[in-house]
Amino acid sequence: MTNSESVLLEKLRRLPPEQIEVVEQFIDELLVQREKRFLVRSAMTLSENSLAKIWDNSEDAEYDNL
């Protein structure tokens, strides 16, 4: 366990149960946001190859220069 983890745990131990619940909800929200960003990045990466044919073509080259 790192020092920062130990400090955090000590702070949590000093909180009343209702505030620990709020902290837990906040952490859950942070984890959901992180998961959403991961999923969006993954979807973008996976779609790059299939969209390359649409994005990279001579007919649309004029738009690339705008």
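Every value quoted in this text rests on a predicted model; they were computed, and no experiment measured them.
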Just to verify, what does [X] make a side chain to side chain contact (heavy atoms under 4.5 Å, CB included) with, not counting sequence neighbours?
X   : result
F38 : E35, S42
S50 : S47
S6  : M1

Is I20 reachable from L9 through a run of hydrophobic residues whose side-chain heavy atoms are each under 4.5 Å from the next?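 Yes.
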Between I27 and L15, is there shared hydrophobic-cluster membership here, with clusters defined by ILVMFWY side-chain heavy atoms closer than 4.5 Å?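 Result: yes, single cluster for both.
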Apply the hydrophobic cluster definition, ILVMFWY joined by side-chain contacts under 4.5 Å directly or through others, and give me every member besides [X].
X   : result
V7  : none
V40 : M44
L46 : none

Set of residues satisfying side chain to side chain donor-acceptor pair (under 3.5 Å) with respect to T2, sequence neighbours excluded: S4, E5
Any pair counted as side chain to side chain donor-acceptor pair (under 3.5 Å), so long as it reaches residues 17-34, sequence neighbours left out: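 Listed once each, the pairs are E29-Q33.
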Only pairs at least two apart or in different chains count here, so list each side chain to side chain donor-acceptor pair (under 3.5 Å) that has a residue in residues 8-17. none
Looking only at heavy atoms, which two atoms of L12 and V23 are closest? And how far apart?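 Smallest interatomic distance, heavy atoms only, reads CD2-CG1, 3.8 Å.
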